[in-house]
Amino acid sequence: MDNEYKQNEPVFRVSSIQKSFGENGVLRDISVAVNKGEVVSIIGPSGSGKSTLLRCSTFLETIDAGEIHYRDIAAAVTGPDGKTVYASPADLKKAQRRFGLVFQQFNLFPHFSVLKNVMDAPIVVQKKPEEEARAKALELLNKMGIADKADAYPKQLSGGQQQRVAIARALAMEPEILFFDEPTSALDPELTGEVLKVIKLLAEEKMTMVIVTHEMPFARMVSDRVIFMDQGVIVEQGDPEKVFGNPDQERTKQFLRHYQQ
């Protein structure tokens, strides 16, 4: 797949996107580009627009204005009237295959075993042979440290184990970029560590990722770039040591005072 990339072409980018719910402007002129192999963490207070940005980026919400590109696929562009026009269903489906999304609440199929949860989409969507999908799923479960749970069902797993299954399921589709929407917010502190360990492993393997998180020490450690959002705008972004250690904006400083460095 690597040879398909043009030099310095972002894997994913949004340009000047806006999103309102009624009178409430949640995203105000947001532009972000993510390069291959880059890990970008998005931090900010609750209600700042972080999760809405991810939901718009992955077509779970529609944007009011702006553009969304997955490399060479223009998923949403600005029409003649200045409003966003989405691509054809076929092109949107192609774009969807470029990314994986890991939710807060796991969203596993409760009536599927762990193994079937991971291997189902490659068979149904990508039409992969069952044995190939099974082998890949077992490989990913082993990587997540839960190969022994292949025949278990989600309700038999801890939250941390369920989230690792969700990550394996996303990886099974071989996405170019993974989005994480507060992947540890539903977990207690003991289980949070095991999920963050998996994400750190993926970062070391240069998996392209965008992570919305409240785990500040983790964001500082794992990210190539940190984006601080507040009230629907990007207040500050840059190298994690700079953003966490010596931020330029007073609003960033106020926010980070609530977290131990």
Side-chain angles (χ1 to χ4, degrees), residues 11-12 30 32-55 57-58 99-106 143-146 157-168 170-171 177-261:
V11 175
F12 158 78
I30 296 280
V32 176
V34 182
N35 294 319
K36 185 169 185 277
E38 189 176 23
V39 178
V40 177
S41 289
I42 304 176
I43 63 171
S46 296
S48 60
K50 308 182 302 295
S51 290
T52 301
L53 174 58
L54 250 61
R55 291 180 64 80
S57 299
T58 55
F99 64 79
L101 177 58
V102 179
F103 301 89
Q104 299 176 30
Q105 298 293 343
F106 326 133
K143 184 175 184 173
M144 299 294 121
I146 46 174
L157 306 181
S158 71
Q161 289 169 333
Q162 288 187 62
Q163 192 60 294
R164 284 183 281 162
V165 175
I167 295 170
L171 289 169
I177 182 170
L178 268 184
F179 293 97
F180 291 87
D181 186 9
E182 297 188 15
T184 60
S185 67
L187 305 176
D188 63 40
E190 189 176 359
L191 299 178
T192 292
E194 63 188 49
V195 172
L196 295 182
K197 185 177 176 183
V198 165
I199 298 173
K200 183 172 183 287
L201 171 67
L202 296 175
E204 289 168 354
E205 294 177 350
K206 295 298 180 187
M207 180 73 206
T208 311
M209 294 185 284
V210 175
I211 308 166
V212 169
T213 184
H214 287 296
E215 300 287 339
M216 299 301 138
F218 177 74
R220 184 172 188 168
M221 173 182 66
V222 80
S223 307
D224 297 300
R225 180 159 44 107
V226 172
I227 294 172
F228 172 61
M229 287 182 64
D230 189 30
Q231 297 184 343
V233 301
I234 293 174
V235 176
E236 186 162 356
Q237 64 176 308
D239 177 88
E241 290 306 312
K242 176 73 171 69
V243 172
F244 284 106
N246 187 26
D248 292 325
Q249 303 300 317
E250 184 57 37
R251 182 66 188 95
T252 316
K253 294 174 186 175
Q254 289 173 356
F255 174 75
L256 291 173
R257 281 190 202 116
H258 295 286
Y259 293 90
Q260 288 185 322
Q261 299 302 307

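For this chain, numbers begin at 1 and follow the sequence in order. The shown structure was predicted, so the numbers you read here are calculated from the model rather than taken from an experiment.
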**OP:** State whether the number of non-hydrogen atoms from other residues, nucleotides or ligands found under 6.0 Å of Gln249 atom CD is greater than 12.
**Re:** yes
Original post:
Do Met216 and Ile43 come within less than 4.5 Å of each other through their side chains, counting heavy atoms only?
Top reply: yes
Subject >> Heavy-atom pair of closest approach, residues Val34 and Arg225 >> reply: CA-NH2, 4.1 Å
**OP:** For residues Val243 and Gly238, report the shortest heavy-atom separation together with the two atoms involved.
**Re:** CG2-N, 3.6 Å
Original post:
Salt bridge between Glu205 and Lys143, side-chain N to carboxylate O under 4.0 Å?
Top reply: yes
Subject >> Min side-chain heavy-atom separation Ile42-Val226 under 4.5 Å >> reply: no
Subject >> Nearest non-hydrogen partners of Ser223 and Pro240, listed with the distance >> reply: O-CG, 3.2 Å
Original post:
Are Gln163 and Val102 close enough that some pair of their side-chain heavy atoms sits under 4.5 Å apart?
Top reply: yes
**OP:** Find out whether Val235 and Val233 are in side-chain contact, i.e. whether some heavy atom of one side chain is under 4.5 Å from a heavy atom of the other.
**Re:** yes
**OP:** Please assess Leu101 against Leu178 for the test side chain to side chain contact (heavy atoms under 4.5 Å, CB included), listing each intermediate value before the final yes or no.
**Re:** CA-CA 6 Å; Leu101 177 58; Leu178 268 184; over 6 Å; no
**OP:** Measure from the side-chain N and O atoms of Asn35 to the backbone N and O of Glu38, and report whether any donor-acceptor pair falls under 3.5 Å.
**Re:** no
Subject >> Within 6.0 angstrom of Gln231 CD, more than 12 heavy atoms from elsewhere >> reply: no
Report, one line per pair, each donor and acceptor closer than 3.5 Å where one atom sits in a side chain of residues 207-214; sequence neighbours left out.
residue, atom, partner, partner atom, Å
Thr208, OG1, Gly37, N, 2.7
Thr213, OG1, Glu215, N, 2.9
His214, NE2, Glu182, OE2, 3.3

Original post:
Under 4.5 Å between any side-chain heavy atoms of Ile199 and Phe218, yes or no?
Top reply: yes
Original post:
Passes side chain to side chain contact (heavy atoms under 4.5 Å, CB included), Phe244 versus Thr252? Steps please.
Top reply: CA-CA 9 Å; Phe244 284 106; Thr252 316; over 6 Å; no
Original post:
Just wondering, do Leu187 and Phe106 contact through their side chains at under 4.5 Å, heavy atoms?
Top reply: yes
**OP:** Please check if the side chain of Lys50 supplies one atom and the backbone of Gly44 the other of a donor-acceptor pair under 3.5 Å.
**Re:** yes
Original post:
What do you reckon, is NZ of Lys197 surrounded by more than 12 foreign heavy atoms closer than 6.0 Å?
Top reply: no
**OP:** For residues Phe180 and Val195, determine if any side-chain heavy atom of one lies less than 4.5 Å from a side-chain heavy atom of the other.
**Re:** no
Subject >> Side chain Asp181, main chain Ser51, donor-acceptor under 3.5 Å >> reply: no
Subject >> For Pro247 against Gly245, the heavy-atom pair lying closest together >> reply: CD-C, 3.7 Å
Subject >> Leu256 and Phe228: CA distance, side-chain angles, deciding distance, side chain to side chain contact (heavy atoms under 4.5 Å, CB included) verdict >> reply: CA-CA 10 Å; Leu256 291 173; Phe228 172 61; over 6 Å; no
Subject >> Near-ring test Phe12/Phe99, centroid separation under 6.0 angstrom >> reply: no
Subject >> Intermediate values then yes/no, side chain to side chain contact (heavy atoms under 4.5 Å, CB included), Thr192 and Asp188 >> reply: CA-CA 6 Å; Thr192 292; Asp188 63 40; 5.9 Å; no
Original post:
Does anything in residues 237-250 pair up under salt bridge (Lys or Arg N to Asp or Glu O under 4.0 Å), and if so which pairs, sequence neighbours excluded?
Top reply: Arg220-Glu241, Lys242-Asp248, Glu250-Arg257
Original post:
Under a 4.5 Å cut-off applied to non-hydrogen side-chain atoms, are Ile30 and Met229 in contact?
Top reply: yes
Subject >> Residue pair Ile227 / Val40: nearest heavy atoms and the distance that separates them >> reply: CD1-CG1, 3.7 Å
Original post:
Looking only at heavy atoms, what is the nearest atom pair of Asp230 and Pro45, with distance?
Top reply: OD1-CG, 3.2 Å
